[in-house]
**Student:** 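My questions will all concern the structure given below.
The chains referred to below are lettered A, B, ... by the order of the sequence lines, with proteins before strands, and numbering in each begins at 1.
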Amino acid sequence: MDNKEVRVRIAPSPSGNLHIGTARTALFNYLFAKKNNGKYVLRIEDTDLDRSSQAYIQNIYDSLKALGLNWDEGPDVGGPYGPYQQSERFDIYPKYAQKLIDAGYAYECFCTQEELEAEKQESIKNKKPHVYSGKCRHLTEEQKAKYRAEGRKPSIRFHVPDSGETKFTDMVKGDLKFDNSLIGDFVIMKSNGTPTYNFAVVIDDMEMKISHIIRGEDHISNTAKQILIYEALGAEIPQFGHLGMILAPDRSKLSKRHGATAVSEFVEKGYLTEALVNFVALLGWSPSDGHEIKTLDEIIQDFRIHDVSSSNSIFEYDKLNWMNGQYIKKMDIKKLADLARPFLSMYDLSEMTEENYERMIEVTREPITILSDLVNDVKYFFGQDAEIEPDVQTKILDSEDGQKVLRYVVDNELEKWDFEDSEKLHEQLADLRAYFKEQGIKPKETMWAIRAAVTGRTHGADMVAILQILGKERSVRRIKAATK
RNA sequence: GCUCCCAUCGUCUAGAGGCCUAGGACACAUCCCUUUCACGGAUGCGACAGGGGUUCAAAUCCCCUUGGGAGUACCA
């Protein structure tokens, strides 16, 4: 190709928290930029002032940063082609609109909503595609003056050619073409003086020298309109790449009723941003070496936009959960311990030393898939007494073998257990298992008795660790309490 | 309605005419490991939507049908 600088952008609209789909689009843009030593720009598209809010803008910043998708230029960091927030760019769009009018590519339209609606209904009735008739295309100055006198404020429409095709080669979809006669003259400036989306993006992308536009395929049909504008302006047309959509398991659009949709919601539920990025990268792209667990940097190395799948993909939690579990398992323990804290706010963490807190996380991290699983899994580390589950009471603590083990432990072992030395304690438990094995009680049943007494459950973290974190006093207390 | 996109195991995907009796991952099942849950290991289950072409040869190319998705706004 050429050696022009690669510049991509992610342009979210702050009418909600950063959506997981937008995050994937951001990721692919980021990957493409990094892979090609390009620039990755963040632009906030808040043209619709009613639906936009500062809180959402902040959420977009925070989410993108948390995912590690840091931008080179943007509203907060600036850059050579700012401002990067559309609401601050309102003065530049009318100039370009006027330029198009002057060149004959656009015209003022005085049609009312009612007239437009009537046209549309007529088309539907005749089973024809509804395309604006273009009746304001050739208004005389007198007619315009008359409309103005009536108080009508014009919108500005782009004059789309009546024939021919608009085509482009999409980086992921291949050759695409649209029949101009079916596009219809579309509005570029609303009657209130603000630009429509299709106009604002083109102007902004053009001014910001965006070379490649990677976005969701819901924008495919907009592309024809946008190319027409680029051409009318005599601007260089960027390369486009349209990604398949992310769908819910029922093949509908991913929405709140399917669970979390915003990146921040996933984080609040206990998903790790590293896992989120990794998982979402695999929706539409696959690593060349078959190793799916990869860091952002590794993905950058392996990423090629032309390898991206052009079909939609379904967002299933199974694999995300598995992947999140993998990341939790491998994460630096100090980092994990810090991330886990907010999830454990219902417990009095000051009860235990920092060292014990970390060890508790270390020994409970293994089976969990999301951080919030910790809430339940860590419960028995708190409080003086164990909360015994009903089943555990009847099936284990009330059983003959269970009591036999506990009785023996209380009478002969408990005082000898070395809570300070984990290896010693480990051996002592092993000896206990061996002792009862000769009496026909399985090793796991021996341990169940102790586990049940100490934690009230049949499963959980390593027994030695539990006993040590709980400390001698509470461990002894719980075991004695369960012994009849 | 019209336009466009898409179509390999339940899901994410590999596959760019012969390497495919279609490979991997998640999920599921069984077994092994084991102080529990889990992790890990092994095995199994499981797909080229259907129909026509093209070709010596098609999951791969073309057409039709079907199914799914998107767009069709003075919303972005």
**Student:** Considering just the side-chain nitrogens and oxygens of A/Ser286, establish if one lies under 4.0 Å of OP1 or OP2 belonging to B/A14.
**Tutor:**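 Answer is yes, contact under 4.0 Å.
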**Student:** Figure out the CZ/C1' separation between A/Arg43 and B/A76, and round it to whole Å.
**Tutor:**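 These atoms are roughly 12 Å apart.
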**Student:** Return the nearest nucleotide to the side chain of A/Ser313; candidates are B/A25, B/C12, B/U35.
**Tutor:**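 Looking only at heavy atoms from C-beta outward on A/Ser313, the closest nucleotide is B/C12.
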**Student:** The side chain of A/Ser310 lies closest to which of these nucleotides: B/C12, B/C39, B/C6?
**Tutor:**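 Closest nucleotide to the A/Ser310 side chain: B/C6.
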**Student:** Contact class for A/Lys442 vs. all strands (heavy atom < 4.0 Å): base, sugar-phosphate, or nothing?
**Tutor:** nothing
**Student:** A/Ile314 CD1 to B/U8 C1': how many Å, rounded?
**Tutor:** 14 Å
**Student:** NA contact type, A/Phe178, heavy-atom cut-off 4.0 Å: base, sugar-phosphate, or nothing?
**Tutor:** sugar-phosphate
**Student:** Does B/U36 have its OP1 or OP2 closer than 4.0 Å to a side-chain nitrogen or oxygen of A/Lys395?
**Tutor:**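 For B/U36, neither OP1 nor OP2 has a side-chain N or O of A/Lys395 closer than 4.0 Å.
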**Student:** Nearest to the A/Lys173 side chain among B/C39, B/G24, B/C5, which nucleotide is it?
**Tutor:**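 Closest nucleotide to the A/Lys173 side chain: B/C5.
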**Student:** Just how far, in rounded Å, is P of B/U72 from NE2 of A/His219?
**Tutor:** 10 Å
**Student:** Report the distance from atom NZ of A/Lys120 to atom P of B/A73, rounded to the nearest whole Å.
**Tutor:** 5 Å
**Student:** Classify the side-chain pair A/Gln85/A/Asp46 by whether it contains a donor and acceptor separated by less than 3.5 Å.
**Tutor:** yes
**Student:** Between C1' on B/A76 and CG on A/Leu18, what's the gap in Å once rounded to a whole number?
**Tutor:** 15 Å
**Student:** In terms of side-chain heavy atoms of A/Val187, which of B/A70, B/C74, B/U35 is nearest?
**Tutor:**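 Among B/A70, B/C74, B/U35, the one nearest the side chain of A/Val187 is B/C74.
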**Student:** OP1, OP2 of B/U35 versus side-chain N and O of A/Arg433: anything below 4.0 Å?
**Tutor:** yes
